[in-house]
Enquirer: 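Can you keep this structure in mind? I'll have questions shortly.
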4 protein chains.
Amino acid sequence: MTGYSPDIEAAIARTRIDVATLHAQLTKYGLVIWTGGNISGRVPGADLFVIKPSGVEYDDLTPENQILCDLDGTVIAGTPGSDRSPSSDTAAHAYVYRNMPEVGGVVHTHSTYATAWAARGEAVPCVITAMADEFGGEIPIGPFAIIGDESIGRGIVSTLAGHRSRAVLMQNHGVFTIGKNAKDAVKAAVMAEDVAKTVHISRQLGASLPIPQTAIDSLFDRYQNVYGQDPKGALK
Amino acid sequence: MTGYSPDIEAAIARTRIDVATLHAQLTKYGLVIWTGGNISGRVPGADLFVIKPSGVEYDDLTPENQILCDLDGTVIAGTPGSDRSPSSDTAAHAYVYRNMPEVGGVVHTHSTYATAWAARGEAVPCVITAMADEFGGEIPIGPFAIIGDESIGRGIVSTLAGHRSRAVLMQNHGVFTIGKNAKDAVKAAVMAEDVAKTVHISRQLGASLPIPQTAIDSLFDRYQNVYGQDPKGALK
Amino acid sequence: MTGYSPDIEAAIARTRIDVATLHAQLTKYGLVIWTGGNISGRVPGADLFVIKPSGVEYDDLTPENQILCDLDGTVIAGTPGSDRSPSSDTAAHAYVYRNMPEVGGVVHTHSTYATAWAARGEAVPCVITAMADEFGGEIPIGPFAIIGDESIGRGIVSTLAGHRSRAVLMQNHGVFTIGKNAKDAVKAAVMAEDVAKTVHISRQLGASLPIPQTAIDSLFDRYQNVYGQDPKGALK
Amino acid sequence: MTGYSPDIEAAIARTRIDVATLHAQLTKYGLVIWTGGNISGRVPGADLFVIKPSGVEYDDLTPENQILCDLDGTVIAGTPGSDRSPSSDTAAHAYVYRNMPEVGGVVHTHSTYATAWAARGEAVPCVITAMADEFGGEIPIGPFAIIGDESIGRGIVSTLAGHRSRAVLMQNHGVFTIGKNAKDAVKAAVMAEDVAKTVHISRQLGASLPIPQTAIDSLFDRYQNVYGQDPKGALK
């Protein structure tokens, strides 16, 4: 018994389901192997988020074993799953939620092509229209930072601050994405790997052609505000 | 009640089924991710075509939520699916149907290797016999054009005019294919990605050998008129 | 009623099942797309072989719609499937069976990496032990030859004559493999693509190290005569 | 009747199940084709291990047809599966178990990217944090050694002796991995291919950035001792 209102309890329950089931998209799109990668979702209306347990296999994830944390990344004792350790990237997720109130979901993977760019410390340039649509420019590269304190979270937030992109490469590490909710962050992770791969392959046989900035602006604006059945505008 | 004859209504119903079910081939062959990519099919005997709704997930596509349009790309009000937005590439599909009466299906994807050639603004050269069979020469590269008016449609039609190919790369964007019907255009999309990939990989380790033009001509003619159980000749 | 003995009829029936079901291995291992690729199997004890129909989708292949041919590649009238056209590569398969009596199965694909080497007219060098095991040396490159007469068959047979390999690349085209039976030829097709891919990738970042000829000989001999539960020695 | 105690019989039975079922992970992650690759597991509390039979297809593997061997690699007569030949790599597995008492599982594959590095005789450098986590440094390259005596086993053990890595590339051949048990060795095989692929792709477009040794040490220590629900420290 944690004493949340019925509305918050319902929101927590929905977020547990979302986070648990969305992990299947990471395996479907080949972004993760074994127990790597993690998704979290902010609980709407509360200073809480739900995140994957550490080192648990994808087939074993259920709404009940996802872990509820406060925005400092502390596990909420007495809630389902709280007897296990949360993702080892929990501090980074928490930092993002504390510092980017518009963010409702965070995803982290070591997806192959994104990580390959990250290992060179190189941003993915915006040379295909799908990238302009989705990210409004390059996917930027953040600093090298190791796990264990706030340095990864700070690197994510400070790098994203200067870009429209919902994805950031962390040097020698992998990719973090943000979204309006967990599903939107998962979409960003899927698209980030796809464009990282396409641009990589394009570059293998020569220089790619630039897209004019005005066209990038126009594509981003249109995709955020017109595409789909219910566009709501850009995240940031 | 839209007042079409029973024959046209039956043709619309068949086209809805074709277009909805053919999208599964795009995911099967890995040509699309998330909600990207789209297929349309002309309704035989009418100035109408059926196209995918915008931003809807592949698992949610049904015959009933495909969208019926006239050849200006206007949604036919009062028909199933007409309460939703059609694919954001509808104007390009409509332009092709208006200007290429022999075309019965159009497909658009951002498939990886085709898009990689497109980002360099480079045609795929015809150096494998499967490409001579299917496309009768190179897969040409069209202009950079952004969404929102007729410029993509014009780029497709004008580029295809000078080639036997049923596939065209649009610079920095992706690939459009045409066919006698929607299935034939899907086949062209599958084959275009396959040959774009094979030729890319071949080039990575050195120059590929050219195929003599007489052999290309002979292979294309034979494949269009002899291969399969019921060949009907080339589209164009 | 074709007048074959009960033994031959039974052998034909078994070969139809083998050929029809083995096609699933080509899709499982990603060697073919759409209706490309074909498998045939010699009928033991008769001058006959069974081959895939032309341009039929993989999901639609059944024992009954495979096509029975004599060693000139002529369809045996009045047998199941004989109302349809056999694979457009039937003449090449027939040539192999006529000229290589030890061959019981033939496979043809345009698998990506094998075809990439073929488009450069380059043999795959034997730099990994799995290749020494399976092919006893390089996968050789045959001539450019177009479909429609015996030139593909002649190219396959003459190129294989100088090599231990059960696989041959045909320039600008794809790969043909042979085996003791259809399944053995399918295994060769799967392994040929795998080693073509591995050696390609190895070469992308520098020269691969050669394997001494004595080691290649020793590995090939051992694999053909010791590996598995019931080794029977090399094909040729 | 082999005269083992009930406890040992139970341990053998569990190891048979583990080894048989873990092979499905090799196909799931695309590390093997056809009948290539093999897994073994040491029987806890006994000088025995269980290994895959030679040349048997993955779909046909069952606990009962796995093969029980002593640490010389000799099949234990009269036990289930003992009428068949064990994996042709049995001598190498046995050598590892005899010489590395901490090892409870061994895996061998010809996975594509690992084998590509092996064909150049090149170690995979530690330039991504996932590799520091899992392997604590580079994946080293061992000598060229052919099958048939103890030379492969000796190459594995002597190469691993100087490294934290649980994976070793064998020149021109493939990869061997070790673990606390069979599952842990399978995880190492999956991760080894993943990082071999990512680092390969990163290198294709330029030099990757090094990770400082102190960061590698810190990441390895943390991953072995903190990650997951029940960390037990590094293998070696």
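Lettering follows sequence order; numbering is per chain, from 1.
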Enquirer: Quick check for you: among C/Ser54, C/Gly55, C/Gly36, C/Pro53, which has the greatest number of heavy-atom pairs under 4.5 Å with chain B?
Expert: C/Ser54
Enquirer: Go through B/Arg222, B/Gln25, B/Met131, B/Lys28 and name the one with the most non-hydrogen pairs under 4.5 angstrom from chain C.
Expert: B/Arg222
Enquirer: Whether the side chain of C/Tyr113 engages the backbone of B/Ile201 through a donor-acceptor N/O pair (distance < 3.5 Å, no angle test) should be reported.
Expert: no
Enquirer: Under a 4.5 Å cutoff for heavy-atom pairs, which residue among C/Arg203, C/His200, C/His173, C/His110 has the most contacts with chain B?
Expert: C/His200
Enquirer: For B/Leu219, is it the side chain, the backbone, both, or neither that has a heavy atom closer than 4.5 Å to a heavy atom of chain C?
Expert: side chain
Enquirer: Run the numbers on B/Glu134 and C/Trp34 for side-chain contact (heavy atoms from CB on, under 4.5 Å), then give the verdict.
Expert: CA-CA 12 Å; B/Glu134 191 71 36; C/Trp34 214 257; over 6 Å; no
Enquirer: For the backbone of B/Ser202 and the side chain of C/Arg120, can you confirm whether one donor and one acceptor N or O come within less than 3.5 Å of each other?
Expert: yes
Enquirer: Hey, are C/Thr35 and B/Tyr227 close enough side-chain-wise for a donor-acceptor pair under 3.5 Å?
Expert: yes
Enquirer: Return the option, out of C/Thr115, C/Val56, C/Ile147, with the maximum number of heavy-atom pairs under 4.5 Å with chain B.
Expert: C/Ile147
Enquirer: Is chain C contacted by the side chain of B/Pro210, its backbone, both, or neither, given a heavy-atom distance below 4.5 Å?
Expert: backbone
Enquirer: How far does CD of C/Gln171 sit from OG of B/Ser208, to the nearest 0.5 angstrom?
Expert: 10.5 Å
Enquirer: Give a yes or no on whether the backbone of C/Arg84 and the side-chain of B/Gln229 come within a donor-acceptor separation of less than 3.5 Å.
Expert: no
Enquirer: Supply the atom-to-atom distance B/Asp194 CG to C/Thr112 OG1, rounded to the nearest 0.5 angstrom.
Expert: 5.5 Å
Enquirer: Measuring from C/Ile141:CD1 to B/Leu209:CG, what's the distance to the nearest 0.5 Å?
Expert: 8.0 Å
Enquirer: Does B/Lys183 pair with C/Glu57 as a salt bridge, N-O distance under 4.0 Å?
Expert: yes
Enquirer: So does B/Val127 get a backbone contact from the side chain of C/Asn172, meaning a donor-acceptor N/O pair under 3.5 Å?
Expert: yes
Enquirer: Shorter than 4.5 Å, heavy atoms on both sides: which option in C/Ser111, C/Gly30, C/Ser87, C/Ser88 has the most such pairs with chain B?
Expert: C/Ser88
Enquirer: Side chain, backbone, both or neither: which part of B/Met191 has an atom under 4.5 Å from a heavy atom of chain C?
Expert: both
